[in-house]
Each structure stands twice: as structure tokens, then as C-alpha cells.
Amino acid sequence: MERTFSIIKPDAVARNLQGEILAMIQAAGLRIVAMKQIRMTRAQAEGFYAVHREKPFFNSLTEYMTSGPVVCSILEGDDAIRRYREIMGATNPANAAEGTIRKKYAQSIEANSVHGSDAPETAAFEMGYFFNALEITG
Ligand code: ATP
Ligand code: MG
């Protein structure tokens, strides 16, 4: 069993798509072991995306991620990190495969509806950034 961290981003929450995206996640067999809807401060978004600090899109990205509420969750399953990335689809929706969340819902390379951890180390950091032990159910 592996765990990964997911965010349903502001563009999707603004269009009331939390339920539809969670249904796609659950249909793929991933289990939700923690979940909450929050609105990040700029400082929280900057800390979360610290690895992208030097990227040209960093300011725009952190502004977008704080533009409205997001749904954070921890997903569990076999090979959860890789499988969730597969269900999400490519970062740029123009390159996302049919049947993926980003192909179906993303609006642009920035407003791409979902986030998923890309490795065990980033998953561990991201889960701890948003959830404490009491908020994670077995
Ligand atoms: P995420 O980390 O959100 O799961 P990802 O791993 O597919 O997405 P990253 O390269 O980590 O992509 O980029 C993080 C986020 O920054 C993207 O999901 C997107 O919202 C935004 N982003 C990435 N590249 C660009 C770009 N060229 N222009 C604008 N925004 C971008
Ligand atoms: Mg990433």
C-alpha cells in the first residue's frame, strides 16, 4: 500500500467539480484516507510550491492557488503515486490522454484542476504539510 497527496485546485472547486473528480479517483480504486476543503494563504501556497520558486510561472501559480478554496486529500492504494498521476493526465491538458481528469476538466496548463505528488519523498512532505496524524484515518 502506498499513499499520495492530492489537491482539487481552485478552477475545479469554483465549477463545483469536487464530487465528479473524487468519483473518478474512487472509480480507479484509490481510497480517501484524509480530506478537507481549505483556502490557502499566499505564504502557505509558496511553501507548498517551494520547489518551483525559481520558475517563471511561480508568482502566477501561487496567486492562482490562493484564488479560491481547494480540496486536499490523501489517497491510498497499490502504486498510488504513479496511478494517481496516470488518472490525472499530463500537466498541459492539450497533451492529456483521453479519460484523464485533466483532459476532461482542465482549463489551461496552469488551471489544470488537480495536483498529485510525483515521488515518495514529495508525497511525504506534502501529506505532512497539510495534515496531522489525527486527521488521517487508517
Ligand atoms: P502538480 O505538481 O500540480 O501535480 P505537475 O507535476 O503535472 O502538476 P509541475 O511541473 O509540478 O506539474 O507544475 C506545478 C503546477 O504549476 C502545474 O500543475 C501547473 O498548475 C503549473 N504550471 C506548470 N507549468 C506551467 C507553465 N508552463 N505555465 C503556467 N503554469 C504552469
Ligand atoms: Mg508537480
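In each ligand, atom 1 is the first atom listed, and ligand 1 is the first ligand listed. Note that these values count all heavy atoms, side chains included, but never hydrogens, waters or copies made by symmetry.
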* **Option of least heavy-atom distance to atom 23 (C) of ligand 1 (set: Phe57, Phe58, Tyr84)** => Phe57
* Where the closest heavy atom to atom 28 (N) of ligand 1 is concerned, which of Ile109, Thr62, Thr122 has it? -> Ile109
[X] heavy atoms, cut-off 4.0 Å: which ligand 1 atoms fall inside?
{"X": "Asn112", "result": "17 (C), 18 (O), 19 (C), 20 (O)"}
{"X": "Gly116", "result": "4 (O)"}
{"X": "Met88", "result": "4 (O)"}
{"X": "His52", "result": "9 (P), 10 (O), 11 (O), 13 (O), 14 (C)"}

* **Residue pair Ser60 / Glu110, side-chain donor-acceptor N/O under 3.5 Å** => yes
* **Thr62-Tyr49 side chain donor-acceptor pair, cut-off 3.5 Å** => no
With side chains defined as the heavy atoms from C-beta onward, is the minimum distance between [X] and [Y] less than 4.5 Å?
{"X": "Lys103", "Y": "Pro93", "value": "no"}
{"X": "Ser6", "Y": "Ile74", "value": "no"}
{"X": "Met35", "Y": "Glu135", "value": "no"}

[X], portion touching ligand 1 at heavy-atom distance under 4.0 Å:
{"X": "Arg102", "result": "side chain"}
{"X": "Tyr64", "result": "neither"}
{"X": "Arg85", "result": "side chain"}

In the protein, which heavy atom is nearest to [atom], and how far is it?
{"atom": "atom 5 (P) of ligand 1", "value": "Thr91 OG1, 3.5 Å"}
{"atom": "atom 20 (O) of ligand 1", "value": "Glu110 O, 2.8 Å"}
{"atom": "atom 3 (O) of ligand 1", "value": "Lys9 NZ, 2.9 Å"}
{"atom": "atom 21 (C) of ligand 1", "value": "Leu61 CD1, 3.8 Å"}

* Aromatic contact, Phe48 with Phe130 (centres under 6.0 Å) -> yes
* If we only count N/O pairs under 3.5 Å, is His115 in contact with ligand 1? -> yes
* Asked: If you measure from CZ on Arg31 to OG1 on Thr137, what distance do you get to the nearest 0.5 Å?
  -> 9.0 Å
* Say you draw a straight line from CD of Glu46 to CG of Asn59; how long is it, rounded to the nearest 0.5 Å? -> 7.5 Å
* Step by step, work out the salt bridge (charged side-chain N to carboxylate O under 4.0 Å, His left out) result for Arg3 and Glu76. => CA-CA 4 Å; Arg3 287 177 175 178; Glu76 185 177 80; 2.9 Å; yes
